[in-house]
Amino acid sequence: MIDAHIHLDGSDLHPATLEEGDRLGVRLFVGSSICNYEHYPTWEQVRLANDDMVAVTRRYPDRVAGYCYVNPRHGEKALADFRRRIEDQGMIGLKLWVATLCNDPLAFPFIEQAIAYRAPILVHSWRKAVGQLPYESTAGHVADLARRYPEARIIMAHMGGQVESAMNVIAPYPNVSTDTSGTPIGAHEVALAVERLGADRVIFGSDLPGACLASNLGKVLCAGLSPEAVKQITKGNMSRLLEEVAG
């Protein structure tokens, strides 16, 4: 299986990651380093975070792949670094978190470059009743981005936080998948996403190390899905995206 959404623990994998993967059958982890959860990182912080992620992928080339995290507010130097990470260092996609809304024009050059690489774009998405961050994307922002760039291969993380509404918002855009990570998300939400989007648009992710791999896998296994749908979600969909990446 493939876990399409993990993070580093500091500058390295959490020590239990690969052991848990072996125990549960997760062969590949796809991760990013988001500057130890600094919401608005400096250019230097992002550069060092991506250095850490590259180092981990080189240490475990058969077990870990890396998204390049960017803060779009850093402009051309960040875009040049994104190209270098994909073309020279083997990263496989783009990670957008909470420093800039995903549909802000500042993000467009990064989206367009990811499209050129046919690389997946993992977008943090959450809608909160209280405490929404100023530049924290919601399903509405993701849908707007997907409408502007139908060629983009977008993964909306965390099912948008409010699953009932978020699935309806992204349903019209076949270029948007969603991942299963997020503490409030359970088997019911996974089943709902499959019902509204189809199993080919749902991707397994755990959000390690901030969540338990076993319980996150349990969301999928206990959602009442067919064996074929489980295979799509836990491996097939992400495997297909990774096979299409052109570095």
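The analysis underlying the following values was restricted to heavy atoms, covering all of them including side chains, and did not include hydrogens, waters or symmetry mates. Only a predicted model underlies this, so the values are computations on that prediction, with no experimental measurement involved. Here, residue 1 is the first one in the sequence, and each next residue gets the next number.
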- Note on the structure: E44 meets the side chain to side chain contact (heavy atoms under 4.5 Å, CB included) criterion, sequence neighbours left out, with T42, R47, L48

- Message: Suppose the criterion is salt bridge (charged side-chain N to carboxylate O under 4.0 Å, His left out): which pairs have a residue in residues 178-203, not counting sequence neighbours?
- Response: E164-R196

- Query: Can a donor-acceptor pair be found between the side chains of H141 and T138 at a distance below 3.5 Å?
  - Reply: yes

- Heavy atoms, side chains only, cut-off 4.5 Å: are Q89 and V54 in contact? yes

- Message: Considering only residues two or more places apart or on different chains, which pairs with a residue in residues 222-241 satisfy salt bridge (charged side-chain N to carboxylate O under 4.0 Å, His left out)?
- Response: none

- Message: Can you confirm whether the side chains of H124 and S137 place a donor and an acceptor under 3.5 Å from each other?
- Response: no

- Contact check, side chains of Y117 and E87, non-hydrogen atoms, under 4.5 Å: yes

- Query: Do F204 and H5 come within less than 4.5 Å of each other through their side chains, counting heavy atoms only?
  - Reply: no

- Task: Please list all pairs passing the salt bridge (charged side-chain N to carboxylate O under 4.0 Å, His left out) test where one or both residues lie in residues 129-156, with sequence neighbours left out.
- Result: K128-E136, D144-R147, R153-E244

- Message: Looking at R85 and D81, is there a salt bridge between them, counting it only when a charged N and a carboxylate O are closer than 4.0 Å?
- Response: yes

- Minimum heavy-atom distance A78-W43, with the two atoms named: CA-CZ3, 3.7 Å

- Query: According to the salt bridge (charged side-chain N to carboxylate O under 4.0 Å, His left out) rule, which pairs have a member within residues 53-62, sequence neighbours left out?
  - Reply: D12-R59

- Message: List the residues meeting salt bridge (Lys or Arg N to Asp or Glu O under 4.0 Å) with R73, not counting sequence neighbours, and say none if there are none.
- Response: none

- Does F108 have its ring centroid less than 6.0 Å away from the ring centroid of Y149? yes

- Message: With heavy-atom distances below 4.5 Å as the criterion, would you say the side chains of V70 and C68 are in contact?
- Response: yes

